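None of these values were measured; they are calculated from a predicted model.
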Amino acid sequence: HPPPPRDIASGGLMSRGDDGDGRKIFIGGLPFGADEAQIREDFGKFGEIEDVYLPRERDTEKLRGFGFVTYKDARDARDASSDMTG
């Protein structure tokens, strides 16, 4: 059985990405039904989002279960990362 739906922002691995200016965070453990609108809703509470990248399998176009959120301001990325990791 598939796992029950969950709040995207409440689970998974998060870390600040190696983007040089600290505005990008990695989000792991995303449900395969997640979409960009959901990510923007959950993570937009920390600040203005510049980009959401959700990689997909080449053959099936299914989400790969992780993604990246890039904020306009590095402080928002730090806030999101700190809040989500505990």
Side-chain angles (χ1 to χ4, degrees):
H1 296 331
R6 64 180 175 166
D7 177 19
I8 292 171
S10 69
L13 302 171
M14 296 203 31
S15 65
R16 293 212 320 255
D18 185 17
D19 61 333
D21 57 7
R23 297 182 307 120
K24 184 184 292 184
I25 59 172
F26 166 81
I27 307 159
L30 291 175
F32 292 103
D35 63 16
E36 183 174 337
Q38 242 179 326
I39 301 291
R40 286 185 179 276
E41 182 178 329
D42 286 347
F43 289 90
K45 65 184 177 185
F46 299 103
E48 190 173 353
I49 294 174
E50 185 174 285
D51 184 56
V52 173
Y53 175 59
L54 302 174
R56 295 180 177 274
E57 296 289 344
R58 287 179 201 235
D59 297 334
T60 64
E61 287 297 309
K62 288 184 180 179
L63 292 177
R64 296 180 63 192
F66 66 92
F68 298 90
V69 173
T70 304
Y71 287 91
K72 290 204 181 252
D73 190 305
R75 290 172 295 188
D76 299 331
R78 280 193 303 272
D79 290 347
S81 184
S82 295
D83 188 77
M84 296 299 162
T85 57

Could you report the tightest heavy-atom contact between [X] and [Y], atom names first, then the distance?
{"X": "Gly22", "Y": "Ala77", "value": "O-CB, 3.3 Å"}
{"X": "Leu63", "Y": "Phe32", "value": "O-CD2, 3.0 Å"}
{"X": "Asp35", "Y": "Leu54", "value": "C-CD1, 3.8 Å"}
{"X": "Ile25", "Y": "Ala80", "value": "CD1-CB, 4.0 Å"}

### Message
Once you measure the plane-to-plane angle for Phe26 and Phe66, does it fall in the parallel (<30°), tilted (30-60°) or perpendicular (>60°) bin?
### Response
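Rings of Phe26 and Phe66: tilted, 30 to 60°.
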### Message
Parallel, tilted or perpendicular, judged at 30° and 60°: which one describes the rings of Phe46 and Phe43?
### Response
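Ring orientation of Phe46 relative to Phe43: tilted.
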Does atom [atom1] ([X]) have a neighbourhood of more than 12 heavy atoms from anything else shown, all under 6.0 Å?
{"X": "Glu50", "atom1": "CD", "answer": "yes"}
{"X": "Glu48", "atom1": "CD", "answer": "no"}
{"X": "Arg40", "atom1": "CZ", "answer": "yes"}

### Query
Say you draw a straight line from OG1 of Thr70 to CG of Asp76; how long is it, rounded to the nearest 0.5 Å?
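Going from OG1 on Thr70 over to CG on Asp76, the span is 12.0 Å.
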### Task
To the nearest 0.5 Å, tell me how far Glu57 CD sits from Lys62 NZ.
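The NZ atom of Lys62 is 9.0 Å from CD of Glu57, to the nearest 0.5 Å.
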### Query
Distance-only, no hydrogens or angles: does the Ser82 side chain make a donor-acceptor pair with backbone N or O of Arg78 under 3.5 Å?
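Yes; judged by distance alone, with no hydrogens or angles, the pair exists.
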### Query
For the side chain of Arg23 and the backbone of Tyr71, is there at least one donor-acceptor N/O pair under 3.5 Å apart?
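Here the side-chain-to-backbone pair exists.
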### Query
Does Ile39 reach the side chain of Ile49, with side-chain heavy atoms less than 4.5 Å apart?
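Ile39 vs Ile49: side chains apart.
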